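Okay, structure first, notes after.
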Amino acid sequence: MQVCKSRVKIRNPLATEPCSLYLKIRIYEKMKRLLGFLLILLYLLILVLYLNNELNRNLFGIILDSFWLTGLSVVFITLVTRLMNIRLIKHLKILPIEYSSKIYKSIGVIRFKKVLQKYPIPISTRKIILKGKSLSAVEDLNKQMIESEQGHALGIGLNVLLAILFGILRDIQFVLWLTIFNVIMNLYPVFVQRFNRNRIRLIIDRYYSR
């Protein structure tokens, strides 16, 4: 059987692979990147449409546009980071200062979490599921939380750019409302995921580290 040296980064790379499998992996990776670039173009088109939206010039329209722009940005970033294999895991580690839940209690994260469980935010809230009680299931839950946190963390930066762009080119009120929705739909969800991940860390240390 003819083999090819793999140049594609996969989770469990082999030293050599059949050429057909190697080509399929390459095509799959290229298709994912192409879809990622198409999503970027689609997102830019949506931004242009929002910038030139003449219907929503009043306060209600500005609030509505700010809400949907924030939600769509979270979805866009989540999809693009998955398709293009962007990972920020090294930068999302739980810090020693976060080991105590006091810091999150003081800024209302636990209350926000309870409200979010009862009233999920449309578009922005991702459903995270524990698929068992084994260590691998708990680690998979932690991975889901990291992916969710990454999307919201990148969404914070993107929304700041949107606030500046829309504040200059359309209406200064966008700075206020995009910032408000950025806090509700991105910043506090990041805090919630970090709070949950710290609890998972404690559970793994207590029940699985033997």
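It should be emphasised that the depicted structure is a prediction, and the values quoted were computed from it without experimental measurement.
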Heavy-atom distance under 4.5 Å between the side chains of [X] and [Y], does that happen here?
X: Lys113; Y: Tyr104; result: no
X: Tyr188; Y: Leu116; result: no
X: Arg170; Y: Asp65; result: yes
X: Phe166; Y: Tyr50; result: yes
X: Glu139; Y: Leu135; result: yes
X: Thr70; Y: Leu178; result: yes
X: Lys32; Y: Met84; result: no
X: Leu165; Y: Phe174; result: no

Nearest heavy-atom neighbours spanning [X] and [Y]:
X: Val80; Y: Gly36; value: CG2-O, 4.2 Å
X: Pro189; Y: Ile184; value: CD-O, 3.2 Å
X: Ile103; Y: Ser100; value: CG2-O, 3.7 Å

Geometric cation-pi criterion Arg201 and Tyr99, 6.0 Å radius, 45° cone: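 Yes, a cation-pi geometry holds between Arg201 and Tyr99.
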
Short side-chain to backbone donor-acceptor contact, [X] and [Y], under 3.5 Å:
X: His152; Y: Met185; result: yes
X: Glu98; Y: Leu95; result: yes
X: Ser66; Y: Ile62; result: yes

Measure the [atom1]-[atom2] distance between [X] and [Y] for me, rounded to the nearest 0.5 Å.
X: Ile77; Y: Leu158; atom1: CD1; atom2: CG; value: 4.5 Å
X: Leu72; Y: Leu42; atom1: CG; atom2: CG; value: 9.5 Å
X: Leu49; Y: Asn52; atom1: CG; atom2: CG; value: 7.5 Å
X: Ile63; Y: Leu59; atom1: CD1; atom2: CG; value: 4.0 Å
X: Met145; Y: Asp140; atom1: CE; atom2: CG; value: 10.5 Å
X: Arg197; Y: Ile94; atom1: CZ; atom2: CD1; value: 4.0 Å

Tell me whether [X] shares a hydrophobic cluster with [Y], the cluster being built from Ile, Leu, Val, Met, Phe, Trp, Tyr side chains joined at under 4.5 Å.
X: Leu35; Y: Met31; result: no
X: Leu79; Y: Leu44; result: yes
X: Leu161; Y: Ile156; result: no
X: Leu51; Y: Tyr43; result: yes
X: Trp177; Y: Ile168; result: yes

Going through the distances and angles, do Val138 and Ile200 end up as a side chain to side chain contact (heavy atoms under 4.5 Å, CB included)? CA-CA 7 Å; Val138 175; Ile200 288 178; 3.7 Å; yes

Run the numbers on Gln150 and Thr81 for side chain to side chain contact (heavy atoms under 4.5 Å, CB included), then give the verdict. CA-CA 9 Å; Gln150 174 178 268; Thr81 51; 3.6 Å; yes

Go through it in stages, so that I can follow the logic: the residues are Val190 and Asn186, the test is side chain to side chain contact (heavy atoms under 4.5 Å, CB included), and I'd like the CA-CA distance, side-chain angles, deciding distance and then a yes or no. CA-CA 6 Å; Val190 166; Asn186 283 317; 5.6 Å; no

As a quick check of understanding, evaluate side chain to side chain contact (heavy atoms under 4.5 Å, CB included) for Leu47 and Leu162, giving each step before the final call. CA-CA 9 Å; Leu47 288 186; Leu162 290 180; 3.7 Å; yes

Could you check whether atom CD1 of Ile97 has more than 12 heavy atoms from other residues, nucleotides or ligands sitting under 6.0 Å from it?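 No.
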
